[in-house]
Number of protein chains: 2
Amino acid sequence: MTSSEQSPLTRKLSAFVALSEVELAVLERLHQRRRSFVAGRDMVHQGQSDQAAYILSAGWVCSYKLQADGTRQIVDFQVPGDFLGLRSVLLRTSDHSFEPIVNIEAAEVLKSDLLDAFAQTPRLATAILWAASRDEAMVVEHLVGIGRRDADARMAHFLLELGSRLALVGMGTKDGYDCPLTQYHLADVLGLSAIHVNRVLRQLRERGLVTFRDGRVSFEDHAGLVELAEFDAAYLDQSGPLLK
Amino acid sequence: MTSSEQSPLTRKLSAFVALSEVELAVLERLHQRRRSFVAGRDMVHQGQSDQAAYILSAGWVCSYKLQADGTRQIVDFQVPGDFLGLRSVLLRTSDHSFEPIVNIEAAEVLKSDLLDAFAQTPRLATAILWAASRDEAMVVEHLVGIGRRDADARMAHFLLELGSRLALVGMGTKDGYDCPLTQYHLADVLGLSAIHVNRVLRQLRERGLVTFRDGRVSFEDHAGLVELAEFDAAYLDQSGPLLK
DNA sequence: CGGGGGGTTGAAGTGCTTCAAATGAAGTGG
DNA sequence: CCACTTCATTTGAAGCACTTCAACCCCCCG
């Protein structure tokens, strides 16, 4: 199997853990049950079945909570290679909604599939749990950002984190990445107004740091952006438990 | 065993799951290795041993991240009955620091203890994992609060959530609870300045909603506070998986 | 009695929001 | 093929929520 045939999840996990032939096979088998969802319509995953999760193989999704006054807070984005609703299978998670941002392709993973896979290959189980713990670390970092970083640093940090995540599945480089998000998405994830998002983006562009335009994020001064955001990728690149 | 002898964790889990004699015994056995920590000095849990977690039995702790510019964001507080560093045992978690707010009593739980307990009593395992997932839901709700609620609602929501958590372990009622936090703690958890925290508290007091004074939170108009905060305890009171 | 931590208050400044309006691109129906 | 909408983006102006700076108070403790 060549690299280009691998699923994004396989790429992601392989970046941190050397998986055996058997483990790779089990992992690919988890991708059997293919599903599609159209952009904009909620997947309402939590309502219908607590038993299934999804592995996102193409497209972007956001998970968010709506407030009574109509404002929305996006908790996290999922990009190819990410799990969706994993915790609702393993544990039990808070109810938030999932909305595909573009048309997406995902593999449905039943609870039984997952438990079978875990039983067969403990190393794979650990790798997947590592990915889940990484997601949690991102939520915590997100919390810190909203609480204690100003709008510029928050935006810079967000764009850099997304870049790191995408690079891991081969969808981005230090130069930039394709990004289907609107400025409204950025506003809802960063806890800002869309108008201010626009001004912040303009400022970052005029300072020669990064350009967000026409569905593309282009890093013009990656190092400068890292400095502005005080971005330390340690919480993303932490080596998995298997490497110890 | 009477209710007053039970550990806070036992009380908490019992509120959601009817535990058998055997399960109660296993749970109490997890509390054997008693430890004390003094207020103010970091427990630096993540550095020393990835193998142990703690069950907090008395006192308060906060988990936080420090930024390069010296500002601090508190991610969560732990009160009696809560786990500390549970995820660093089961999974692997982001590095944040733990600081006891007062002198605390905790039970050290080794990875092996926990796995043994889980093997003996699957229902207990599920109950503990449910508690972990509840903690996660709180972090998400916290994120939403900082992102999309104004200072008044944020404060009201925080005080109510804390009240619910404490009531579950018998340390609070609808009238209020004892609370060792300073206004600086409130500022760092809510993403505000301490000065503004003071003004917000004054305003809530003058509106006859809640009083925060001399280590005590007193609800004067619980319903009014709930309305202001748009507080919906669903994410806290979710029935555990065992009740399904 | 001096010092420090927690709390309280005022005044000034600013980062962000809200309101208002215009532009360009893409889609839709007549 | 063109009016008509719709949506994402852009910009300006006004307002306000929150921060920062600067005091001062109280109480406890050495």
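Hydrogens, waters and symmetry mates are skipped; everything else that's a heavy atom, side chains included, is used. Naming convention: chains lettered A, B, ... in sequence-line order (proteins, then strands); numbering from 1 in each chain.
Here the shortest heavy-atom pairing between B:Leu209 and B:Gly224 reads CD2-C, 3.8 Å. Considering all non-hydrogen atoms of both residues, B:Ala156 and B:Ala229 come closest at CB-CB, 3.7 Å.
With rounding to whole Å, B:Ile195 atom CD1 is found 14 Å from D:dA23 atom P. Between the CZ atom of A:Arg213 and the P atom of D:dT10 there is a distance of 6 Å, given to the nearest Å. Regarding A:Arg154, its CZ atom lies at a distance of 13 Å from the P atom of C:dG15, rounded to whole Å. A straight line from CZ of A:Arg199 to P of C:dT18 spans 12 Å, rounded to a whole angstrom. Atom CG in A:Leu201 sits roughly 11 Å away from atom P in D:dT11 (whole-Å rounding). Across the protein-nucleic acid pair, A:Met155 atom CE and C:dC16 atom P stand 11 Å apart, rounded to whole Å. Atom-to-atom, NE2 of B:His196 to C1' of D:dC16 comes out at 11 Å; the value is rounded to the nearest Å.
For B:Arg205, whose side chain is taken as the heavy atoms from C-beta onward, the closest listed nucleotide among C:dC19, C:dT8, C:dC16 is C:dT8. When distances are taken from the side chain of B:Arg202 to each of D:dT9, C:dG10, C:dG7, the shortest belongs to C:dG10. The side chain of B:Phe212 lies closest to C:dG7 when the candidates are C:dG7, D:dG12, C:dT9. For A:Asp150, taking side-chain heavy atoms from C-beta onward, the closest of the listed nucleotides C:dG10, C:dC16, D:dT9 is C:dC16.
Results of the side-chain contact (heavy atoms from CB on, under 4.5 Å) test with A:Met43 over A:Ser97, A:Pro100, A:Ser63 single out A:Pro100 as the only residue that passes. Tested against B:Thr211, the residues B:Arg216, B:Glu220, B:Arg202 include a single side-chain hydrogen bond (donor to acceptor under 3.5 Å, both in side chains) partner, B:Glu220.
Taking a 4.0 Å limit (strictly below) on heavy-atom distances, residues 66-76 of chain A does not reach DNA chain D anywhere. DNA chain D lies under 4.0 Å from at least one heavy atom of each of the following residues of residues 182-194 of chain B: B:Gly191, B:Leu192, B:Ser193.
Taking side-chain N and O atoms only, B:Asn198 has no distance below 4.0 Å to OP1 or OP2 of C:dG7. Residue B:Arg149 places none of its side-chain N or O atoms closer than 4.0 Å to OP1 or OP2 of D:dA17.
Classification of the B:His96-B:Phe98 ring pair by plane angle, with boundaries at 30° and 60°, yields tilted. A:His157 and A:Tyr235 have parallel rings, their planes meeting at less than 30° on a 0 to 90° scale where 60° marks the start of perpendicular.
Using a cut-off of 4.0 Å between Lys/Arg side-chain N and Asp/Glu carboxylate O, B:Glu141 and A:Lys65 are scored as salt-bridged.
For CD of B:Gln203, the number of neighbouring non-hydrogen atoms (other residues, nucleotides, ligands) closer than 6.0 Å is greater than 12.
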Ignoring hydrogens and angles, write down the donor-acceptor pairs under 3.5 Å from the side chains of residues 184-201 of chain A, residues two or more places apart or on other chains.
residue  : atom : partner  : partner atom : Å
A:His185 : ND1  : A:Thr182 : N            : 3.1
A:His185 : ND1  : A:Thr182 : OG1          : 3.2
A:Asp188 : OD1  : B:Arg148 : NH2          : 2.9
A:Asp188 : OD2  : A:Arg72  : NE           : 2.9
A:Asp188 : OD2  : A:Arg72  : NH2          : 3.4
A:Ser193 : OG   : A:His196 : N            : 3.2
A:Asn198 : ND2  : A:Gln183 : OE1          : 3.0

